[in-house]
Amino acid sequence: MGNDYKQTMNLPQTDFPMRASLATREPEQLRFWEEIDVYRRSLEVNEGGPTFILHDGPPYANGHIHMGTAFNKVFKDLIVKYKTMRGYWSPYVPGWDCHGQPIEHQVEKNLGPERMKTISQAELRALCREYAMEFVGVQAEEFKRLGVRGDFEDPYLTLKPSYEAGDVRVFAELYRRGMVYKGRKPIHWCYRCQTALAEAEIEYSEETSDSIYVKFWLTDPPPAFSGVAEKVAVLIWTTTPWTLPANVAVTLAADAAYVGVLADGEVLVMAEDLVPAVAQVAGWDSYEVVRDADGEPVRMRGSELEGLTYRLPVFPERTGVIITGEHVELSTGTGAVHTAPGHGEEDYLVGVRYGLPAPMPVDDQGVFDHGGGPFAGLHVDDANPVIISWLAEQGVLLAAGKTTHSYPHCWRCKKPVIFRATEQWFISMDKTGLRDAALKAIGTVEWVPGWSVNRITSMVADRPDWCISRQRAWGVPIPVFECAACGETVANDETFAAVEALFATEGADAWFTRAPSEYLPQGIACPRCGGSELVPEKDIVDVWFESGVSHTSVLEARDELRRPAELYLEGSDQHRGWFQSSLLTSVGAYDEAPFRTVLTHGFIVDGEGRKMSKSLGNVISPADVVGQYGADIIRLWTASADYGQDISVSSEILERTSEAYRRIRNTFRFLLGNIYDFEPGEAVPFDRMPELDQWAMTSLARLVSRLGAAYDDWKFHQVYRAIYDYCVTDLSAFYLDVLKDRLYADEADSDSRRSAQTVLAEMLTALVRMVAPILSFTAEEVWRFMPEPLREGIDSVHLAGWPTLEVPSARAAELTAAYGVVLEVRDEVMKALEDARNAKAIGKSQEARVVVKAAEEVRSVLAERGADELAAMFIVSAVEVAPSADGSLSVEVLPAAGEKCPRCWNYRALGAAGLCARCEDVVAR
RNA sequence: GGGCCCAUAGCUCAGUCGGCUAGAGCGCACGGCUGAUAACCGUGAGGUCGGUGGUUCGAAUCCACCUGGGCCCA
């Protein structure tokens with residue numbers, strides 16, 4: 001049949017596969033990029049261009065990457081690639097956070113308790129390094145598989161000597177500026193294992209404890225109570241009697257009502273709500289609440305009692321003070337909390353606020369020293385019964401019982417741990433105005449999305465001093481010394497310089513294997529006692545401090561980078577973490593923020609918006625997605641999400657993303673298939689193109705500028721949206737569909753077909769570049785299937801730059817307006833054709849001719865296009881435009897006149913050869 | 001418990017200073033085509049804009065509270 005004519009048609013030809021098979025094909029692109037060293041080349045092409053530095057926040061070198069890390073890295077990658085396309089010199093140096101408790105903990109678990117006992121710190125550190133390096137390797141491969149481009153040959157690692165030297169440099173500067181001080185802070189301590197424990201090493205379980213109610217005698221009771229009885233006490237409740245020797249304050253709830261209860265001839269002050277419960281525990285047969293002249297209970301708010309003093313229970317010759325705090329519970333106890341800043345986190349924080357001392361009478365072994373007064377020499381394990389009976393003897397114990405509650409235990413020995421204040425190193429927020437300077441620096445930075453600035457501001461405004469020391473093995477030491485003779489800290493420009501040099505050449509390991517005399521200059525002595533024997537500080541630095549100094553260890557240290565960076569980009573948790581530690585160390589050392597813009601994204605959650613967890617069974621791993629769908633699907637998903645909120649992944653979302661991908665891929669395939677015989681020399685200039693092609697060029701130009709704006713504005717989901725809608729709506733559903741007749745049936749070398757191909761080539765070369773930052777693999781694949789001349793001798797799409805497209809603006813505006821009308825009419829025509837199809841009047845639209853009745857304004861626009869052009873655009877055999885009686889738009893569908901041309905399948909009057917005039921003409925040649 | 005934030009069709013997103021019957025694409029249903037064919041085209045059905053109350057002539061949009069969710073802290 002018509003197949004005879006098939007050979008005379010210009011049907012699409014391309015080897016570009018319809019099916020992506022990304023999981024198997026992507027590795028080929030990876031090898032290609034490796035071969036041509038695309039990262040290096042991406043810098044070379046923009047040598048001398050403006051610089052854009054996205055500074056990578058280091059993930060922790062432990063375990064495989066998850067969806068969150070994948071999202072974050074791909075997000076960064078598409079920004080770097082976009083900037084590269086726009087001509088920016090944009091190096092990307094990935095980094096890893098290699099020190100810290102989780103790795104040390106894991107290594108310790110692998111070793112087991114027996115070997116741990118015999119291993120040296122140096123050996124332990126070597127094992128930790130090995131462990132970290134293994135996962136740096138694992139994650140680097142996983143990132144590369146996602147298409148992430150960067151200097152994976154030479155990433156930055158917090159365990160490298162050059163990095164560790166930067167830790168010293170920043171610490172030294174902060175120290176010189178007087179921001180670093182030594183103070184005390186309570187930490188979890190296991191006296192059996194003789195070690196500090198991190199929060200992650202604590203296991204909580206139920207524990208039965210003593211529960212006692214103790215009277216603290218007020219020295220100057222409020223008159224309302226003191227008139228009633230001679231002795232007035234504030235009644236506290238505690239489950240840790242052994243912490244009473246360290247008591248310095250009682251904390252009340254500022255807004256709660258407190259009353260005096262008269263029982264056994266004494267007034268006991270407690271929260272009104274808790275009086276009945278206390279009466280029951282105390283076993284009072286009768287009691288009364290102190291009342292005023294009107295018979296109303298005397299109520300005082302916690303804040304009114306603030307400032308009163310009382311005699312310490314264990315040291316009656318000293319006094320404590322009543323304060324208020326937010327952590328006071330009014331569901332149990334008395335509403336008055338025994339406060340020992342040396343023994344509790346909340347107590348410590350409230351103590352800092354009130355400037356209270358933090359006595360710590362318990363030593364490393366858990367034994368009271370002389371600070372324990374009458375209990376000196378007693379072990380805390382044995383102390384409770386002794387203290388309780390002592391309190392009873394003193395007449396201050398109201399009641400004693402037992403209670404069960406959740407209590408922290410050591411992960412190693414499984415025994416209860418204690419909270420114990422120890423010497424720690426701090427960075428002061430206020431001594432030298434760091435807080436104010438940081439807040440000021442926040443104002444110089446662009447925070448995206450906008451609410452981000454509120455979050456960082458309130459966190460910096462409210463945070464306590466930064467405790468930067470850890471009692472650990474795997475990290476960078478606090479680079480100071482202690483005088484062996486008098487305990488004074490020894491640290492000055494000379495020692496810092498020597499330590500920095502030591503770390504730079506041998507790494508921080510040397511701190512643990514070399515004696516200070518080997519690397520410190522001669523003559524360093526204790527400024528207080530003149531002692532010359534110096535002991536290196538045992539504590540290491542908080543890992544947040546380490547990663548925080550990357551502005552120095554990486555941005556400053558590496559030739560291709562500089563401080564400040566244009567962009568930091570991390571999840572919203574980093575307001576507390578890296579954004580802040582980077583900001584504080586940079587402002588502290590250099591008086592300025594290390595970044596110009598900070599971009600924050602939400603967290604990855606499941607389809608219901610819940611976080612992913614093993615227990616919920618909703619975890620999706622990037623490796624599985626790459627295996628099933630391919631990295632480009634992860635990349636497309638990354639771009640499609642509005643990162644300002646939490647980002648969902650589910651199998652449905654991935655399925656949808658994958659369908660969208662196929663749509664884009666097929667658009668590329670169609671474009672490639674129709675330019676197989678096109679040479680750029682045959683391009684038709686804009687002003688000689690048919691109007692429809694001019695419109696297509698206009699809409700492409702609009703897309704180019706819209707995408708540029710969306711990318712520049714960090715609105716990547718709009719980029720995705722615009723590309724996708726363009727492929728579906730502008731191209732597939734309209735322009736490309738309309739073009740088929742011209743492409744397939746017109747003479748191969750005709751101006752009309754060459755014009756169409758000119759447009760398709762423009763679309764292809766522009767789209768492939770604009771999509772490359774996102775669909776990095778597919779774009780590269782498309783690039784390799786493009787006709788050689790269109791590639792302009794460029795190996796990789798990633799080196800091809802951003803498209804430039806000029807369309808006369810007056811003509812563009814004219815066409816945009818006119819085609820708005822045409823497309824509206826087209827919609828109506830489609831509806832009418834569908835009705836006809838449903839009535840079995842027609843099958844394909846060419847079988848119909850239509851009569852469009854419209855108002856004058858519409859008719860004039862249509863008339864300008866011409867009936868033939870309208871028929872082509874509506875894909876019908878003929879269009880007739882007629883006035884409409886009421887001005888409304890309506891469409892009448894009639895059978896096509898003429899017969900089906902066996903070559904082009906349009907309904908036309910057929911000539912002698914049995915073909916339509918156009919086809920007859922084409923075949924004749 | 002506190003701070004910051006989120007909530008529009010099954011999915012991903014639009015909805016400017018509050019103002020026509022809340023939009024798009026996908027998916028779905030139905031149909032067409034068989035020269036983009038494990039493609040392509042068309043039509044259609046889907047939403048009490050998380051809930052309640054308030055401000056207003058009028059609220060998806062402003063306010064309060066609640067519910068659910070996220071991050072951080074406690």
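Here is the naming used below: chain letters follow the sequence lines, and residue numbers restart at 1 for every chain. Computation of the quantities below employed the complete heavy-atom set of this structure, encompassing side-chain atoms and omitting hydrogens, waters and symmetry-equivalent molecules.
The pair A:D693-A:R742 meets the salt-bridge criterion, with a side-chain N (NZ, NE, NH1 or NH2) lying under 4.0 Å from an Asp/Glu carboxylate O. Using a cut-off of 4.0 Å between Lys/Arg side-chain N and Asp/Glu carboxylate O, A:D741 and A:R918 are scored as salt-bridged. Between A:E659 and A:R663 there is no salt bridge, since no side-chain nitrogen of the basic residue lies less than 4.0 Å from a carboxylate oxygen of the acidic one. By the 4.0 Å N-to-carboxylate-O rule, A:E834 lies close enough to A:R837 to be salt-bridged with it.
For the OP1/OP2 pair of B:G3 and a distance below 4.0 Å, the side-chain nitrogens and oxygens of A:H575 include no atom meeting the criterion. Phosphate contact (OP1/OP2 of B:C33, side-chain N/O of A:R837, threshold under 4.0 Å): absent. Look at A:N454 and you'll find a side-chain N or O under 4.0 angstrom from OP1 or OP2 of B:C5. Using a 4.0 Å cut-off, no side-chain N or O of A:R663 falls inside it from OP1 or OP2 of B:A36. Of the side-chain N and O atoms in A:Y744, one or more sit less than 4.0 angstrom from OP1 or OP2 of B:A36. The phosphate of B:C71 (OP1 or OP2) has a side-chain N or O of A:K611 nearer than 4.0 angstrom.
Annotation: B:C5 and B:U12 have their P atoms spaced 23 Å apart (nearest Å). To the nearest whole angstrom, the two P atoms, one in B:A60 and one in B:U43, are 29 Å apart. Straight-line distance between the C1' atoms of B:C26 and B:U67: roughly 30 Å, to the nearest whole Å. Nucleotides B:G58 and B:U21 place their C1' atoms 15 Å apart, quoted to the nearest Å. If you take atom C1' in B:G18 and the same atom in B:C11, they sit 29 Å apart, rounded to whole Å.
Nucleotide B:G27 holds its P atom 5 Å from the CD atom of A:E659, rounded to whole Å. Atom pair A:L636:CG and B:G25:C1' shows a separation of 13 Å (rounding to whole Å applied). Taking atom CG of residue A:D835 and atom C1' of nucleotide B:G42, one finds them 11 Å apart after rounding to whole Å. Spacing between atom CD of A:E345 and atom P of B:G1 amounts to 20 Å, rounded to whole angstrom units. The interatomic distance linking A:D725 (CG) with B:U12 (C1') rounds to 11 Å, in whole Å. Atom-to-atom, CD1 of A:I875 to C1' of B:C33 comes out at 11 Å; the value is rounded to the nearest Å. A:E655 has its CD atom 19 Å from the P atom of B:G10, to the nearest Å. Regarding A:K740, its NZ atom lies at a distance of 12 Å from the P atom of B:U34, rounded to whole Å.
Each of B:A7, B:U12, B:C73 was ranked by its minimum atom distance to the side chain of A:R576; first place goes to B:C73. Nearest to the side-chain atoms of A:L11 among the listed nucleotides B:G35, B:A24, B:G42 stands B:G35. When distances run from any side-chain atom of A:W905 to the nucleotides B:C72, B:U12, B:U34, the shortest one goes to B:U34. Side-chain proximity of A:K840 to B:G25, B:G31, B:C40: nearest is B:G31.
Annotation: the span from A:F579 atom CZ to A:M459 atom CE amounts to 11.0 Å, rounded to 0.5 Å. In this structure, CD1 in A:I664 is found 9.0 Å from CG in A:L767, a value given to the nearest 0.5 Å.
The 5' end of RNA chain B is approached more closely, in terms of each residue's nearest nucleotide, by A:G607 than by the other of A:K844 and A:G607. Mapping A:S732 and A:V728 onto RNA chain B by nearest heavy atom places A:V728 closer to the 5' end of the strand.
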Encoded 5' to 3' (Watson-Crick or G-U under 3.5 Å; [ ] crossing; | other strand), RNA chain B becomes (((((((..((((.....[...)))).(((((.......))))).....(((((..]....)))))))))))).
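The residue A:E834 sits close to a base: some heavy atom pair falls under 4.0 Å. As judged by a 4.0 angstrom heavy-atom cut-off over every strand, A:G673 is placed among residues making no nucleic acid contact. Residue contacts shown for A:M830 are limited to sugar-phosphate atoms, with no base heavy atom under 4.0 Å away. A:G602 comes within 4.0 angstrom of nothing in the nucleic acid, heavy atoms only. Contacts of A:A745 with the nucleic acid, taken as non-hydrogen atoms under 4.0 Å apart, are absent.
Judged by distance alone, with hydrogens and angles left aside, A:R19 brings a side-chain donor or acceptor within reach of the base of B:A38, the pair sitting under 3.5 Å. With hydrogens and angles left out, the side chain of A:R455 and the base of B:C71 share a donor-acceptor pair within 3.5 Å. A:T14 contributes no side-chain N or O that forms a donor-acceptor pair with the base of B:A36 under 3.5 Å.
In this structure, a donor-acceptor pair under 3.5 Å is absent between the side chains of A:T69 and A:Y60. A:D677 and A:Q757 share a donor-acceptor pair across their side chains, judged by distance under 3.5 Å alone.
The side-chain heavy atoms of A:V822 and A:F874, taken from C-beta on, include a pair separated by under 4.5 Å.
For A:Y724 and B:G25, the ring-to-base geometry does not satisfy the stacking test (centroid distance below 5.5 Å, interplanar angle below 30°).
For A:F716, the ring-ring contact (aromatic ring centres under 6.0 Å, His included) partners two or more places apart in sequence, or in a different chain, are A:F75.
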